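Working notes for the structure below.
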Amino acid sequence: MIDSNRFIPQKIVSIYSFLVIVIVIILLITGIFQFRISSQSEKWLQTNREITDSWSRIEKLRSNLNRIRVSFALYLNDVPHFTEGTVNEFHPYKADIFKYVRDMKTVIATGNNESLLDRGIFDPHLEKLRNNFYNFFQHSLSGEQAKKTYEDIQESLFIIGSLLDSRASQLRYISRNNITAVRQNQKFNWIVLLCLTAFFLGFIFLGLWFGLRLNNRIRSIHNYLAKLETLKPLEYAENDEIKPLIDLFNTLIVELQSRTDEIETARNFLDNILESSPAAYIAADRTSGVTHCNRRASELFKCIPEEATGKQLRQLHPITAGFEKRFLEVIHENKISSFEHSALQGEETKHFSVSIFPMGMAQVIGAVIRLEDITEQKIREEQLAAANKMELVGNLIGGLAHDFNNVLGAIIGTLSIIDYYQKNNIEISNADWKEYLEIIDNSATRARDMVEGLLTISRKKKITMMPVDLKVALMHVIKICRTSFEKTIEVQVEMPDASATANCDPTQIEQVFLNLAINASHAMTIMRPAGMRHGGKLFISLRKINADKTFCEIHPLASFGEYWVVTVNDTGVGMTPETVSRIWDPFFTTKTDGKGLGLGLAMVFNIIKQHGGFVTVQSETGIGSTFNVFLPVMDMDAEGHITSDGDITTGEGTILLIEDESILSKVAQTMLSECGYHVITASDGDQGIKAWKNNRNEINLILLDLVMPVKNGAEVFKEIRETDPGLPIVLMSGFIQDPRITELLEQGAMGFLKKPFTIDSLSQTIGSILMDKKQ
């Protein structure tokens, strides 16, 4: 049986409770006494104020009484006999005496009803004194009457003096009593203070003793339970004073044992969820020390959980080392961080979706990192983007082919006219020559723009976020629209005067705008019912809005701040609400007969989401549709490269031209010769190397094409750079997205010319490089 002395005696609890009740009663009694003492003290203070006031007025009365006596005595000295007619009515002491009597009445009258000077006692005597003085100073008094009045005056003066002495004695007595009461009050307060201090000290020491005793009892119970391999009910005697406590303890043990299996099942269930999850989970404490990782994390980082526990995130794996800064931000700011991360594993690039979320409610005790492999999803997105680009090209190719033939028709037709004039010896005037050359130049420029447009939407490269002027991007798209769309579609544009800068991938953002424009054109042409006339109005605008609280409530995807809004509106067939709810789904299309794959709007939604924006749509059947693209404003000017025509820059020196296309080689040679340069030509990379070796000392610059037979431009560049690293080399290519261009520019190439180029752009590029070399 368990010894009851090891537990808390109930007598200690009873004694301690009794003492607490006693102390509470003492505090209540003390509070009552203190309240009574405070009330009595207030009365004493009021009495002291009255004593002070009364004493001051007694002194004034005594002073006036003495003045009356002195003035009356002086008057009697001046008029010694009390015979009728001897009183001088204008004697100066008479006025003083009456003034002093009035002053005494005023002093008495100014006291309040609670004053120790009772007006009812003094007023009759003062009134009698005044009347006697008045009678005494009358001329009609006889000697006997004057003598009698004199005696009454002396009696009144004596009575008033006695009253003042009596009141003074009374004030001294009350003052002594107040002093005694105050001293007793102070003494009582000290006694109460000492008693309370003693009680509180005793209560504190008793509490400490009881706490130590309680701690020892609890520790003894803990030590006893620690010796038990499993929890089991405690035994006790029937007369044990802690029987209720042991009964409660035994009940808790039974309840705990009944819950153990449920807790174990729940823990195993949660462990199975974490271990079966395809995502990797890593838990870490506030110092970024790993506390747990699941099976997928162990496989990903090639470690066992026991080895990972205790390591820092930067020590676990290079991937987690890059998360440590974001991890600490989550700990300090107590908010979730989500992002994408790419890492090279072997020869393959893996893409991960990463989420870091804090653990703890009131206080953050750590955070959990969740990594999900989204490599296959990224591949599917790239395939989806490629399919969408092919759909765009397919949609544009018909219109572009028609317009391209028109361009070629203008060039070929003009050249045929010139050839006809030459064969028939017909002289062509300067004005005609100028007109023909302008036709050829404008047509060639249109053809170049169409090719660049196709390259822009079909190129494949990684997302590169940079400052982009949305106004410039839209104008590129509008130029393609006006070139390729049916002429029955009227394109209207509304743009701001200033630039509209956003952080975007220039290729993807143009793809978004072109998708929306093509969908709008289809809604006004091929999607119209049979027999209905094709055509309509395509309205494209760009404006800035400020997303305030009301705007964000209407658009849940918006955040506070400024947005650029690109609006694409058409007057096409429109859509039903059911169709609008599905337009963002991949492969959903309203176009029949295989005219669309249903990828365009899905790509629009994904691209704008990646750029931190959102898209809204309003549509009505038979009226048309309006798409609004919202992109966050970037607070800086977009970086761009503007090429403008200028004067030809002349120079001197020898230039090696390596170009495999004979026509382009001849045109470039003519341009360089007109600019003053001596030109050496080579038709492929191998001949270019030989020409460079034979004329090494004469050549000042090399103009190098990248795409050539035998040896390409990159091979020629590297071979020449190894021997002569200081020789300027300018690259040429019609493929502006060739990755070799960036690589060779980083390795020391001095410039790049995009084909086709003009004589002014060629001369300015060559001239600036040679000028810099001379300096």
Side-chain angles (χ1 to χ4, degrees), residues 392 395-396 453 456-457 467-525 535-548 550-552 554-555 557-559 561-575 580 583-584 600-601 603-605 607-609 611-620 622-635 637-638 640:
L392 284 177
N395 288 325
L396 294 174
T456 297
I457 64 174
V468 173
D469 189 347
L470 298 180
K471 181 179 176 181
V472 174
L474 279 172
M475 294 310 298
H476 289 167
V477 172
I478 291 168
K479 184 181 292 186
I480 295 175
C481 294
R482 285 174 171 164
T483 301
S484 59
F485 289 177
E486 291 188 17
K487 304 305 179 184
T488 56
I489 297 177
E490 179 185 352
V491 181
Q492 298 179 348
V493 181
E494 184 177 302
M495 297 287 171
D497 296 332
S499 60
T501 309
N503 191 30
C504 306
D505 180 277
T507 302
Q508 288 197 347
I509 209 64
E510 288 188 12
Q511 183 179 348
V512 166
F513 299 153
L514 192 57
N515 260 309
L516 295 176
I518 289 175
N519 283 347
S521 71
H522 287 174
M524 294 183 287
T525 55
K537 292 183 180 180
L538 172 61
F539 176 74
I540 300 176
S541 68
L542 174 63
R543 69 186 190 279
K544 183 191 290 187
I545 62 107
N546 182 45
D548 54 13
T550 303
F551 182 88
C552 293
I554 299 174
H555 302 86
L557 297 178
S559 302
E562 292 184 323
Y563 283 88
W564 291 114
V565 185
V566 177
T567 300
V568 179
N569 171 262
D570 65 72
T571 58
V573 296
M575 295 178 287
V580 171
I583 59 174
W584 309 117
L601 291 179
M603 289 303 303
V604 167
F605 181 84
I607 291 173
I608 297 303
K609 182 180 178 182
H611 285 70
F614 61 97
V615 188
T616 63
V617 58
Q618 296 87 35
S619 184
E620 186 174 348
I623 302 298
S625 302
T626 300
F627 286 82
N628 291 306
V629 178
F630 295 83
L631 289 168
V633 172
M634 189 175 186
D635 191 17
D637 293 330

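The structure presented is a predicted model; accordingly, all values stated were derived computationally and were not measured.
A pairwise comparison of heavy atoms in Ile489 and Ser521 identifies CD1-CB, 3.6 Å as the closest pair. Scanning all heavy atoms of the two residues, the minimum distance from Thr501 to Pro467 falls at CG2-CB, 4.0 Å. When all heavy atoms of Pro632 and Gly612 are compared, the closest pair comes out as CG-O, 3.4 Å. Nearest heavy-atom pair across Ser619 and Val580 is CB-CG2, 4.1 Å. Nearest heavy-atom pair across Ala500 and Asp469 is N-OD1, 3.0 Å.
Taking CD of Glu510 as the reference point, atom SG of Cys504 lies at 10.5 Å (rounded to 0.5 Å). In this structure, CD1 in Ile518 is found 7.0 Å from SG in Cys481, a value given to the nearest 0.5 Å. Within the model, atoms CZ of Phe539 and OG1 of Thr571 stand 12.5 Å from one another, a figure rounded to the nearest 0.5 Å. The structure places CE of Met475 at 11.0 Å from CG of Leu542, a figure rounded to the nearest 0.5 Å. Atom CG of Leu474 is separated from atom CH2 of Trp564 by 11.0 Å, given to the nearest 0.5 angstrom. The line from CG of Asn519 to CG of Leu514 is 9.5 Å long, rounded to the nearest 0.5 Å.
Side-chain contact check for Ile509 versus Leu631: some heavy-atom pair is nearer than 4.5 Å. Between Val493 and Arg482, the closest side-chain pair of non-hydrogen atoms falls below 4.5 Å. Considering only heavy atoms from C-beta on, Val629 stays 4.5 Å or farther from His611 through its side chain. Counting heavy atoms from C-beta on, the side chains of Phe630 and Ile545 come closer than 4.5 Å. Residues Thr567 and Arg543 have side chains in contact (heavy-atom distance under 4.5 Å, counting atoms from C-beta outward).
For Ala547, the side chain to side chain contact (heavy atoms under 4.5 Å, CB included) partners two or more places apart in sequence, or in a different chain, are Phe551, Cys552, Tyr563.
Open room surrounds NZ on Lys537; 12 or fewer heavy atoms of other groups in view lie less than 6.0 Å from it.
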Item to complete: Would you check, one step at a time, whether the test side-chain contact (heavy atoms from CB on, under 4.5 Å) holds for Val604 with Phe627?
Response: CA-CA 11 Å; Val604 167; Phe627 286 82; over 6 Å; no

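In this structure, the side chain of Lys471 does not engage the main chain of Met495 through any donor-acceptor pair within 3.5 Å.
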